[in-house]
Amino acid sequence: MTQSGLSNLSAGPSDELRPVLVTGAAGYIASHAVLSLAGAGYRVIGIDNMCRGSSAAIKALKEAWPDRFQFYLADVRDESAMASLLEKQRPSAVMHFAGLKSVEESCWSPGDYYDNNVGGSLNVVALASRFGVRRFVFSSSATVYDANQPCPVDENSALRCTNPYGWTKLQAERVVRDVARASGTLSYALLRYFNPAGADESGRVGESPEGEAANLMPAICRVAAGQSPHLKVFGNDYPTRDGTGVRDFVHVSDLADAHLAALGYLERGGESTTINLGSGTGFSVLEVVEAFVRSTGQKVPVHVVPRRPGDVAEMFADTSLAQRVLGWSPSRNLERMCIDAWKWQTRVC
Ligand code: UD1
């Protein structure tokens, strides 16, 4: 393909496999989803604008699945590039992961977040509908829930965001729902992730946070690797078991498998749906640190510092819908997440 903003970086497809377009393929969760999809026999067309994605991930995906993974450098907001790609590849499904994901950055750069996350989603889903794509899986977040309500939160719990990042996810959900409904032929699954952690067990891909790690597991890994002197524990005065924040961690490979399950559900004619993806169990910050130390044998010194603005005491999912509708529940525990995250850390540093 020669049009601007789109350059083919890999070998041609093999036609007998079902094609799926994965946006943001160089990102943390999407790269794991590519492995699951290719492993299940799909032909994956990955795109990314590489503004945040990892080129090492693309290389690893091509090495893992040379006949099932193709990569195009493209931006989801580029209408002509996306239209050409959809016209040429005719995917039966789109998994849309591309987007910006830093809460802090979204507060000082909201325009970029609305442009990428809402504008990008609108472009992708509208074009998907125009080019006859039948199924759409969207990467959403538990951040759309009002955090001031009792846990576990189910899919009908109250919604309220406290930062632009959250609002972009909620608005993008709305966009996908409305465009899909109007199309009459596009069915969707909106997947609300809780706290993804860990990395591919065989070390092919993992999380590559830029700058200071904002999320807990990468922050722990950096301390264990000696890149930070101690883990800052943001508050130990929450009304929780040990005073530290409680979250619902889910192994990224389980999350990837859930995308496969969601696609299978839609392919079997399942109705459009919105589903929580978590483990259903909350672990505190200190419990995660303990699990990490126990399972990896590394030292993780901690310092308690004041609460991080915007944080809540606890957030964990009611995952019964995922189990009932998708037949999915996570199979990897917290120790596995710690071991795989650490394995990835020692590989990349
Ligand atoms: C954060 C984002 C959320 C996003 C989610 C998953 C904020 C306010 N929220 O949520 O929008 O969907 O990540 O990517 O940023 N912690 C420490 N020390 C650290 C890092 C974290 O004590 O160095 C604590 C936090 O205070 C929290 C828990 O660990 O209690 C989990 O934090 P984190 O991994 O950032 O996830 P969330 O707060 O759930």
Side-chain angles (χ1 to χ4, degrees), residues 24 27-30 32 52 97 99-108 110 113 117 139-148 151-153 159-170 172-173 191-198 207-225 227-252 255 276-279 281-292 300-317 334 337-338 341:
Y28 174 46
I29 299 168
H32 289 81
R52 301 290 154 90
F97 296 89
L100 301 174
K101 62 172 188 180
S102 159
V103 170
E104 199 187 338
E105 185 186 44
S106 78
C107 296
W108 45 264
Y113 275 69
N117 295 5
S139 173
S140 189
S141 168
T143 198
V144 299
Y145 290 117
D146 183 349
N148 297 308
C151 288
V153 291
L159 302 172
R160 191 176 73 91
C161 304
T162 53
N163 56 70
Y165 164 70
W167 286 115
T168 66
K169 283 292 174 189
L170 196 53
E173 283 193 1
L191 304 181
R192 292 178 177 158
Y193 312 151
F194 280 69
N195 294 70
E207 189 169 15
S208 315
E210 291 165 10
E212 204 178 327
N215 291 126
L216 181 61
M217 192 64 87
I220 291 176
C221 286
R222 286 194 181 188
V223 175
Q227 295 171 3
S228 311
H230 53 254
L231 177 77
K232 288 182 198 160
V233 174
F234 297 135
N236 65 354
D237 56 354
Y238 285 105
T240 59
R241 288 188 286 280
D242 58 22
T244 65
V246 166
R247 295 291 185 278
D248 182 336
F249 298 90
V250 56
H251 195 293
V252 64
L255 209 54
N276 284 344
L277 296 180
S279 71
T281 306
F283 287 101
S284 75
V285 172
L286 292 180
E287 286 167 347
V288 177
V289 172
E290 276 162 30
F292 187 92
V300 182
V302 301
H303 273 194
V304 176
V305 298
R307 291 180 179 190
R308 181 172 66 179
D311 268 355
V312 293
E314 67 171 8
M315 180 62 108
F316 57 92
L334 183 61
M337 294 178 224
C338 295

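We count ligands from 1, going down the list as the structure has it; atoms in each ligand are counted the same way. Fair warning: this is a prediction, and the values are worked out from it, not measured in the lab.
Those atoms of ligand 1 that come under 4.0 Å of a heavy atom in Gly245, given as number and element, are 30 (O). The atoms of ligand 1 that sit less than 4.0 Å from any heavy atom of Asn195 are 36 (O), 37 (P), 39 (O). Every atom of ligand 1 is numbered from 1 in the order shown, and the set under 4.0 Å from a heavy atom of Ala219 is 23 (O). Distances below 4.0 Å separate heavy atoms of Lys232 from the following atoms of ligand 1: 17 (C), 18 (N), 19 (C), 22 (O), 23 (O). Within ligand 1, the atoms closer than 4.0 Å to a non-hydrogen atom of Val233 are 22 (O), numbered from 1 in the order shown. Taking every non-hydrogen atom of Ser141 and a distance limit under 4.0 Å, the qualifying atoms of ligand 1 come out as 12 (O).
Judged by distance alone, the side chain of Asp248 and the main-chain N or O of Ala317 form a donor-acceptor pair under 3.5 Å. Arg307 places a side-chain N or O within donor-acceptor distance of the main-chain N or O of Asp237, the cut-off being under 3.5 Å. In this structure, the side chain of Tyr113 engages the main chain of Ser102 through a donor-acceptor pair within 3.5 Å. Remark: side-chain polar atoms of Asn117 are paired, donor with acceptor, to backbone N or O of Leu100 under 3.5 angstrom.
Ring pair His303/His230 is parallel by interplanar angle, where below 30° counts as parallel and above 60° as perpendicular.
Of all protein heavy atoms, the one lying nearest to atom 25 (C) of ligand 1 is Asp311 OD2, 3.4 Å. Here the heavy atom of the protein found nearest to atom 24 (C) of ligand 1 is Val285 CG2, 3.5 Å. Protein heavy atom nearest atom 20 (C) of ligand 1, with residue, atom name and distance: Ala214 O, 3.4 Å. With hydrogens left out, the protein atom closest to atom 38 (O) of ligand 1 is Arg308 NH2, 2.9 Å, a heavy atom.
When heavy-atom distances to ligand 1 are checked against a 4.0 Å cut-off, Tyr193 has no atom that comes that close, whether in backbone or side chain. Contact annotation for Leu216 and ligand 1: heavy atoms of both the backbone and the side chain come within less than 4.0 Å of the ligand.
Comparing Tyr238, Phe283, Phe234, Tyr165 by heavy-atom distance to atom 19 (C) of ligand 1, the nearest is Phe234. One option in Val103, Thr244, Val304, Asn163 has a heavy atom closer to atom 2 (C) of ligand 1 than any other, and that option is Val103. Scanning Asn215, Thr240, Val223, Thr162 for the heavy atom closest to atom 13 (O) of ligand 1 points to Asn215.
Residue contact check for ligand 1: Arg247 places a non-hydrogen atom closer than 4.0 Å to it.
If you take CZ on Arg192 and CG on Leu159, they are separated by 5.0 Å, rounding to the nearest 0.5 Å.
Judged by distance alone, the side chains of Ser139 and Tyr193 do bring a donor and an acceptor atom under 3.5 Å apart. With no hydrogens or angles considered, no side-chain donor-acceptor pair links Glu105 and Tyr165 at under 3.5 Å. No hydrogens or angles considered: a donor-acceptor pair under 3.5 Å links the side chains of Asn276 and Tyr145.
Each of Val223, Thr244, Leu231 was compared with Val289 under the side-chain contact (heavy atoms from CB on, under 4.5 Å) criterion, and only Leu231 meets it.
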